[in-house]
Amino acid sequence: MFLSKHVLSSTHKALFQNLRLFSLPSNSHHVLSTHSRDTQLREALLQMALRGHDMNFQDYNTLLNECVSKRAFREGQRVHAHMITTNYFPCVFLRTRLIVFYVKCDSLTNARNLFDEMPERNVVSWTAMISAYSQRGYASQALSLFVQMLRTDTEPNEFTFATVLTSCIGSLGFVLGRQIHSLIIKLNYEAHVYVGSSLLDMYAKYGKIHEARGIFQCLPERDVVSCTAIISGYAQLGLDQEALELFRQLQDEGMQSNYVTYTSVLTALSGLAALDHGKQVHNHLLRSEVPSFVVLQNSLIDMYSKCGNLTYARRIFDTMHERTVISWNAMLVGYSKHGEGREVVELFDLMRDENKVKPDGVTVLAVLSGCSHAGLEDKGMDIFYDMTSGKIGVEPDTKHYGCVVDLLGRAGRIEEALEFIRKLPFEPSAAIWGCLLGACNVHLNVDIGKIVGHRLLEIEPENAGNYVILSNLYASAGRWEEVRSLRNLMFKKTVRKEPGRSWIELDQILHTFHASDCSHPRRKELSAKVQELSVRFKEAGYVPDLSCVLHDVDEEQKEKILLSHSEKLALCFGLIATPESVTIRVIKNLRICVDCHNFAKYISKIYGREVSLRDKNRFHRIVGGKCSCGDYW
DNA sequence: ATGGTGGTGT
């Protein structure tokens, strides 16, 4: 709905009109006092030993609370053991507290044993155990325990619902999630903030954003969490514009924001590549003296990188006191998408040397695709062999194999790539065949391209992109008969894909274009300007690549269609509306087409402008008629 | 007296 707007001034200008300082819990107190409290705990345990049987509920409860807050496993175990050796019979409250203690100390087995041995259970003990499973990611155990709970006629309450819903995300969860929703309505908990937050989050994560919004609107009171949940719901679905619109509105209505809220806002800004707003959020965070939480810093790294500013991203990364695997991955993905292969390899080496954080599947994926995008085939293959021989500690999955196909294909080792695919221990996916088809197209290997292409059309007949690539391949080999039959096939079988859209940020306003919509106020002027540029570029050698157009029309029409591509309009707008010294930054929601890529090169060459183009796959940095992608993307 | 919701990288 908001996406079809072309001038998005309201959202963007007003994002921080209503600046509010926000506070976060500080953890410095805890760190400083650990030592003295440890002594206290040791002292208390000594007292316990001395008192023997003379311990009551209050004494045990105090001790366990200390152990829980300090995650003091050995100490808590001693308390537990003391109950047993002194024949103390803990009540349901204490047993529940013990369960929580074991959960907090990562000992689910101990917790479950205690739960199973309980002579009586109440809704709290059930909820504690269910929550243990959901927090540790054991969704099916959490759900089956919930079902068992219902069978014992224990009625769940707002606590139970809030936690069990978080386990309804996953393969079978939605059916159950809806059933639980019915039960929530029946027992009248839908309007509870915690339950509502959890519920709307579940709907959002299944893509049901309207249901989620409905639940949010019906909440009688809102808090940071419910507001953040709905904002992040939009952001996670890529509805970035809506996420920001809602953020602004809720801020006006007095919402409190915390670091999680800002993380979600940054996600939305990354999607839009709204660098100026991203900087605003960053400044805001610095001014409000927020403790630098890793999650927030990771989000900042990703924001700067997706907004095209790797230097700032790296600056955040370098100043971090603590890094998680996500910090490394965000940085590696950033370099990879910008085609900075050497930086990828260097940073990955640093990660392995430091040996503090273990790489995961995403790490290796970023490294392999970084090598691939930068043309470092040999290095990429070395890393893949390190992986298969267990040196990295990550098992390859389908995506890693896909990267290898890409590495080989890019290097023109097409036969080898095909051999590799045939030896795979699983049925190759459409994505893998697609990689090879792209390689065949670039290296003009019609024979293998034909085999691969038709295999791909069998698996994925609805994907228009496959027809386009195969058709381009046939066209470049002059096989027009095949181009024609392919085109007919395409119009019969493909589904309409997402419409192409490009945008550019100027003075904190996003200007969005797509081919079929002419509502941008300067659209006419821009179309004429694109036309004019095309003529000028032709004199310099530009030849429109008509194979990018698959419609069955004459050449003149094809050229007209090409000139209406959204990225040309956005590029052109950048050219006329920004000063010469500024990089033209354009974002495209899909892969950029060959002709627009070429057009951008001419802009950079003729006008001496630097162009930064972010498409679905990567960044293209175009300077002096040359692109950082090496014309392979 | 015991239990609960939102977040970062593909």
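So that the names make sense, note that chain A is the first sequence line, chain B the second, and so on, each numbered from 1. Computed over heavy atoms, backbone and side chain alike; hydrogens, waters and symmetry mates excluded.
In this structure, of B:dG3, B:dG4, B:dG6, it is B:dG6 that holds the atom nearest to the side chain of A:Val224. In this structure, the nucleotide among B:dG4, B:dG6, B:dG7 sitting nearest to the side chain of A:Val295 is B:dG7. Checked against B:dG9, B:dT2, B:dT10, the side chain of A:Lys399 finds its nearest nucleotide in B:dT10. Of the candidate nucleotides B:dG4, B:dG3, B:dT8, B:dG3 has the atom nearest to the side chain of A:Thr127.
For the pair A:Arg323 and B:dT8, the criterion of a side-chain N or O lying under 4.0 Å from OP1 or OP2 is not met. The side chain of A:Lys205 contributes no N or O atom lying less than 4.0 Å from OP1 or OP2 of B:dT5. Regarding contacts with the backbone of B:dG4, a side-chain N or O of A:Ser131 is found under 4.0 angstrom from either OP1 or OP2. Considering only side-chain N and O atoms, A:Lys306 lies under 4.0 angstrom from the phosphate OP1 or OP2 of B:dT10. Regarding contacts with the backbone of B:dG4, a side-chain N or O of A:Gln135 is found under 4.0 angstrom from either OP1 or OP2.
Between the base of B:dT2 and the side chain of A:Thr96 there is a donor-acceptor pair shorter than 3.5 Å. No donor-acceptor contact under 3.5 Å links the side chain of A:Ser198 to the base of B:dT5. Not a single donor-acceptor contact under 3.5 angstrom links the side-chain atoms of A:Asp223 to the base of B:dG6. Side-chain N/O atoms of A:Tyr262 and base N/O atoms of B:dG7 include no donor-acceptor pair closer than 3.5 Å. At a cut-off of 3.5 angstrom, counting only N and O atoms as typed in the model, there is a donor on one side and an acceptor on the other between the side-chain of A:Thr228 and the base of B:dG6. Evaluation of atom-type donor-acceptor distances gives a pair under 3.5 Å for the side chain of A:Asn157 against the base of B:dG3.
Here A:Ser125 lies out of heavy-atom contact (under 4.0 Å) with every strand. Residue A:Val123 is in base contact, counting any heavy-atom pair closer than 4.0 Å across all strands shown. Within the nucleic acid shown, A:Val333 comes within 4.0 Å of sugar-phosphate atoms alone, with no base atom in reach, counting heavy atoms only. Nucleic acid contact class of A:Val195 (heavy atoms, under 4.0 Å, all strands): none. Using a 4.0 Å heavy-atom cutoff across all strands shown, A:Asn61 reaches no nucleic acid atom at all. Contacts of A:Thr166 with the nucleic acid, taken as non-hydrogen atoms under 4.0 Å apart, involve only primed sugar atoms and P, OP1 or OP2.
Here A:Tyr194 packs flat against the base of B:dT5; its ring centre is closer than 5.5 angstrom to the base's six-membered ring, tilted by less than 30 degrees.
Between the CG atom of A:Leu368 and the P atom of B:dG9 there is a distance of 20 Å, rounded to whole Å.
In this structure a side-chain-to-backbone donor-acceptor pair under 3.5 Å is present from A:Thr267 to A:Thr263.
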